[in-house]
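Since this is a predicted model, take the numbers as computed values, not measurements.
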Amino acid sequence: MSNPTESPVATAPPSGGWWTAALSTAEHGSTRPGWAELVEEVLAVAPDRGAFREVPPDAAPEEHLVAPLMPFLDRVQARFGGRLADAVWLDVRTWLGGKLARIAARALVTELHQGGPWAGETSHERFAEFVRQTGGRLPELFRRYPVLARLLAETCVHTVDAVTELLDRLAADREALVADLFGTDPGALTGLTLGAGDLHSGGRSVAVLRFADGTRLVYKPRPLGLQARFGELLDWFATVLPELAPRGVRVVTGDGYGWAEFVDHAPCATPAEVDRFHRRQGALLALLYVLDATDMHYENLVAAGDQPVLVDVETLFHPGWTPRTSAGPDPALSALNASVMRTALLPRLLLGEHGSLDVSGAGGQSGVDYPTDVPVWLAAGTDRMRLVPGRVPMTGARNRPVLRGVAADLLDHREALLAGFRTGYDVLSERAEELSAEHGPLARFAGEEIRLVVRDTRAYSLLLAESTHPRHLADGAAREAAFADLAVDTGHDHLPQLIPGELTELFSGDIPLFTARVGSRDVRSGSGAVLPGLLRRSGLEAVRDKLARLGAVDRREQEWLVEATLATRLRSTGHLPAAPLGDPVAGVVPDQPHLLALACGIGDELVARSRQDGDRANWLGLELVDGRYWSVLPMGAGLAEGYCGTALFLAQLGAITGVSRYSDLARRAVHGLPALLGVLVRYPELAREVGSGGFFGLGGISYAVARLATLLDDDVLRESLPTAVTATRLADDAGRPGIGDGTDGALVAMLAVHAETGLSLAADVAAELAGRLSSRPEPEGAGFLWGGAGTALTRPAGASPGSPAGIGWCSGAAGVALSRPAGDPGADAFVAAAAARRVSGDHSLCHGELGVLDVLVELAAAGHERAAATLTRDSAHVLGAIERYGPRCGTPDAVPTPGLLTGIAGIGYGLLRLGFTTEVPSVLLLRPGTPRSH
C-alpha cells in the first residue's frame, strides 16, 4: 500500500451519476436529487490540504473533525448570499459544523485507523496530518461512502432552507411580534441558536433568536395553536382558581409555525414563593391529568419564580397506546397509562448500571451522570481517537424553583403539591360539564394539532447514530438496513402502520414526526401521508370521557399514585423495619374475631383497589427494582410482590370466611397466568430471565399455583401446574443460590407443590434441583430471603447466618432464628430481642411485625415458652396499632401497596396466620396446605 501522503488528489467530481448509490431502494429511478448538486459543488472546489484548526480544550470531541468538512460550510455561507450578519452566521456555522462532524465522525475515525501511517512525531501531530490529508481526499472518501455525502449535503440543504424560512417569517411577522410580545422593537437579529429540540420535517427544529437589546424569542416550526388554546384554558382556570392557576406562555401563531416568548428561569424571593410554586404545580398536575397530557419532562417546564410554566404542550390530548401481552390486556397497565403518571410531571426514574436519573417535570436532576453508558469519543484530537461506552453528565435543568441559590427539593414540598392537586382536581370535577360543553373551553381545541409520541425519541436517536457507522454508508440499501429493528414486533398494534413513515424520515436524518388533530382519529406522518382512523377515538372524546369519570373514587386513586410516585424519590433504607409510631398503643385481644375483621378490612381494600376488565383483575403497586429503587408498576406474576401473592391471601380469606368476592377476585387475578406460563416454557430464555427463586421467581409462582388450585378448587390452575413446574426447571439454568431468587427457593417450592398436590413432576424437579445444589455456593450475607439463613431448609449442614440486619424475617434476626435447630441459642437470642423491643411502625411480612410474629408462631408451636408469651403480647400490640393507624406497609413512607411481602396482602395473610394457625400455612417457609394422601 502506498503512503497516503504521496497519493494523487482527485479534484473533480466523479462522473456517471455517482450519487445513485446513495439512494434508497424506493428512490432509484427518480430524478437527480437536489442534495447531489451541493456535493458536486463541494467536490468541484480545489481542496485545501492545509485545512487544520486547533480547537479549544473544552470543545466537543467531534469538533476536531470539522476542518475536512469546511467546504460544505463554505457552500452554505455562499447560499445565504450575505443575508446573515456575521454573528448570526457564526452561530449557524458552529451548530452546523458540529452536526456535520457528528454525522461523519465514525467514517472519518475509521479512515484514521485504516489509513496511514500519518506523518508526525506525536499522536496529536499525526491526527493533524490525517485531517489535512482528508480535506484533500473528499472525492475518494465519498466513493467509498456515498451515503455519507448525501447525509452531509442534505443536512446543509435542510439548514439553508430552514434558516431562510425562519428569516422570511421573522420579517413578515415582525410588526405582530412587536405588538404582541416585545412591546418595543428589539433591534437587529444578533444571534440564532439552532437545534433547541429534535429535528423534524427536513431538519427543522426549535430555535432561539437573540436581538440587539438582549431580547430572546423562541421560534417553533410547527403550529402553535395548541399552545395558544392552552393559554386560554389557563385564563379560564384562573377565573375559578385564581390563587393556584399557573400562567401560560404568550405566543404569536402563523400558518404551520409560531413564535413564543422566552421564559427565563427566575429564582424565588421567599420560602412562601417556593411553597406557592409547588401548590401551583399540583394544580397544574390535575389539569394535565384531565387533558391526557404526556411527555411533560424537565425540559418542557420552567420555574419562573413562583410560577411553573409549561413551555411546550404539544402532547396534550394524547392517546394511550395499549401494549399486547401474552396474558391479554392488563387492566392495571391500562389504568397506569390513563393516570397522573402518564404526564411525566411526577418523578420518573431512568435506571441503569450507574444508578438512576429523574427526568420528570417536577423532579429533574443536574450534576449527575446519565445512568447508562452511551457511546463517547475517547482521545479526541489524536490518532488514538475511538468510540467507547462511557458516562455523560446530565445537563442542568430549569424546572426547579431556586431560593438563595439552592434548587428546592420536591420531597420537602410534597404536602404543598398534594394540596394543590386536590384543590385543582376538585375544581375541575365541579366544572366538568362546563369544560365539556359543546361550546365550552375544550371545544376550541378540536382543530389544533398535537404530536403523537409513538416510540421513545431516544430509540430514534440511537438508530440515527448507529446509521452513521461506515457499514451503513456504502449505499442506500445498507443505510436501510440500519433501521431494520423498527420492524421487530414491539407489542403495539399501532406501530406496523407507522413504520413506512418512520423509515422515510429516518433515512433523511430526521426524528420521525406523527401528528393528529385533537378532534380527529386520523394520523399524519411528517412526510404528509394520512392514516385515516388509526386512533380508536379522538383525543377530545377521550378527555370528555375522563371528565365524566372524575369523582371521589378516581381522586383517591390518583392521590395514591401521586404519593406513591413521590415516595420513589426517597432513598431506600434496605429491609429494615420502621421506627415505632408515636406513643405505645393499647393492646387488642388477638382472638379470631378481631383478626378476621382486620383481615376482611384488608380484603375489602384490595377489592376496592383492584382494576378489572373482562375476566382479568390486577393492581398497581410499589415494587423494589434491583433491590434499590422503588417504582410504581402494574403487578407482575411473582409471589413476593406480584398478583400471585395477593391472590393467595384473597383465596385464603375466601376459604376461611366463605365470602365469594374474595375468592372470585383471586381467580380473576390469575386468569392470565396459564397463558404466561405457556410462553415461558416455549421461550426458555424468558424463563431464565424470571429466575427460579422461591419468592422472586418461578418457584414461588409454582407454589402459588398449587395453593390457589387447592383453595379455589380450580381445575384450570391444576392443569397449568405441570407447566409452571417445567418453567421452574428451565429457569434454574441461571444457577443462583438462595431462597429468594435462587435454586434453594425453587427446591423448597417444588417440595411444597408435591406435598400439596402429589404431582410427581414436582418431586422429579425437586430431586434434580437438590443435585444441583452440591455445585452451587452458599449465598453470602445474613438473613433468610437472600442470605445463608434460608438455605438451612435445603442444605443439611446449614449455613452460617452471619450478622443479621435488624429483627425482621428477610434479613434480620427472625429469619436467622428459623435457620437454627430446636434448642439453638440463636432462637433464645431472637426471642429475647423481640421481647425487649417496642413494635415498629412497619406491619409487613418482609421486614416488619407480621414476619416477626410468624417466626414466633413457629417457635411457640415447637414448645418455646417465652416465644409463646412474646407472641401473645406482641400480637395484641400489633393489632392495636393496625386498628389505630391502619395497616402500614414496608415501603417508603409506608405508602400502601397490595403485595405479599411488603404490602397489605401480606399483612392480611399474617393476621390469618395468627388466628387460624392450623389452616393457614406459613408462606414465609413456603409451607404446603394440609398434605393430601398420595
Side-chain angles (χ1 to χ4, degrees), residues 9-23 31-53 55 62-105 107-108 111 131-168 189 192-195 199 202-205 207 468 473 508-510:
V9 177
T11 59
S15 60
W18 60 269
W19 47 267
T20 57
L23 297 174
T31 59
R32 184 172 182 273
W35 52 263
E37 180 181 346
L38 180 60
V39 176
E40 292 180 354
E41 289 177 15
V42 167
L43 297 182
V45 176
D48 180 2
R49 295 189 54 161
F52 178 75
R53 300 179 304 157
V55 299
E62 294 89 347
E63 290 189 29
H64 293 271
L65 298 168
V66 171
L69 308 175
M70 286 301 297
F72 284 95
L73 297 175
D74 292 340
R75 299 313 305 159
V76 169
Q77 185 177 20
R79 290 195 174 197
F80 280 121
R83 188 173 181 183
L84 300 181
D86 289 346
V88 177
W89 164 243
L90 180 60
D91 284 345
V92 173
R93 188 183 71 178
T94 299
W95 178 82
L96 180 56
K99 178 69 175 174
L100 297 178
R102 285 190 294 276
I103 292 171
L108 291 176
E111 295 291 302
V131 169
R132 294 187 187 99
Q133 291 287 337
T134 303
R137 298 167 63 87
L138 287 183
E140 192 175 314
L141 180 72
F142 292 159
R143 283 196 185 95
R144 282 193 292 277
Y145 307 122
V147 175
L148 175 61
R150 170 181 180 156
L151 294 178
L152 296 173
E154 274 190 327
T155 301
C156 292
V157 171
H158 289 163
T159 301
V160 172
D161 291 345
V163 172
T164 300
E165 183 179 73
L166 182 157
L167 295 175
D168 290 343
L189 181 67
L192 182 60
T193 301
L194 299 175
L199 300 184
R204 290 163 173 80
S205 71
T468 64
L473 300 177
S508 295
D510 283 331

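- The shortest heavy-atom contact between L138 and P68 is CD1-O, 3.6 Å.
- With values rounded to the nearest 0.5 angstrom, R150 atom CZ is found 12.0 Å from I103 atom CD1.
- Residues L38 and V160 fail the side-chain proximity criterion, which asks for heavy atoms closer than 4.5 Å.
- Between F72 and C156, the shortest heavy-atom distance links the atoms CB-SG, 3.8 Å.
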Could you walk me through whether L108 and L141 pass side chain to side chain contact (heavy atoms under 4.5 Å, CB included), step by step?
CA-CA 9 Å; L108 291 176; L141 180 72; 3.9 Å; yes

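- The side chain to side chain contact (heavy atoms under 4.5 Å, CB included) test with F142 is passed by exactly one of L473, L152, V147: L152.
- Distance check: R102 CZ to T468 OG1 gives 11.0 Å after rounding to the nearest 0.5 Å.
- Residues L192 and L166 are in side-chain contact: their nearest non-hydrogen atoms beyond the backbone lie under 4.5 Å apart.
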Check the pair L189, L167 against side chain to side chain contact (heavy atoms under 4.5 Å, CB included), reporting the backbone distance first and the verdict last.
CA-CA 10 Å; L189 181 67; L167 295 175; 3.8 Å; yes

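- Contact annotation: the side chain of W89 approaches that of V92 to within less than 4.5 Å [non-hydrogen atoms, C-beta and beyond].
- Between the D91 side chain and the T193 main chain, no donor and acceptor come within less than 3.5 Å of each other.
- When all heavy atoms of E62 and A101 are compared, the pair lying nearest together is O-CB, 3.2 Å.
- Here the shortest heavy-atom pairing between L69 and A104 reads CD1-CB, 4.0 Å.
- R137 has no carboxylate O lying under 4.0 Å from a charged side-chain N of E111, or vice versa, which leaves the two without a salt bridge.
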After noting the C-alpha distance and the side-chain angles of V66 and M70, does the key distance pass the side chain to side chain contact (heavy atoms under 4.5 Å, CB included) rule?
CA-CA 7 Å; V66 171; M70 286 301 297; 4.1 Å; yes

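- Listed here is the closest heavy atom pair of V157 and R79: CG2-NH1, 4.1 Å.
- Counting only heavy atoms from C-beta outward, the side chains of L199 and K99 approach each other to under 4.5 Å.
- Residues L65 and T134 fail the side-chain proximity criterion, which asks for heavy atoms closer than 4.5 Å.
- Y145 contributes atom OH, which lies 11.0 Å from atom CD of E140 (distance to the nearest 0.5 angstrom).
- Scanning all heavy atoms of the two residues, the minimum distance from L148 to A107 falls at CD2-CB, 3.9 Å.
- For the side chain to side chain contact (heavy atoms under 4.5 Å, CB included) with L100, the lone residue among T155, T159, L151 that qualifies is T155.
- Here the OG atom belonging to S508 is positioned 5.5 Å from the NE2 atom belonging to H158, to the nearest 0.5 angstrom.
- More than 12 heavy-atom neighbours from other residues, nucleotides or ligands sit within 6.0 angstrom of CG on D168.
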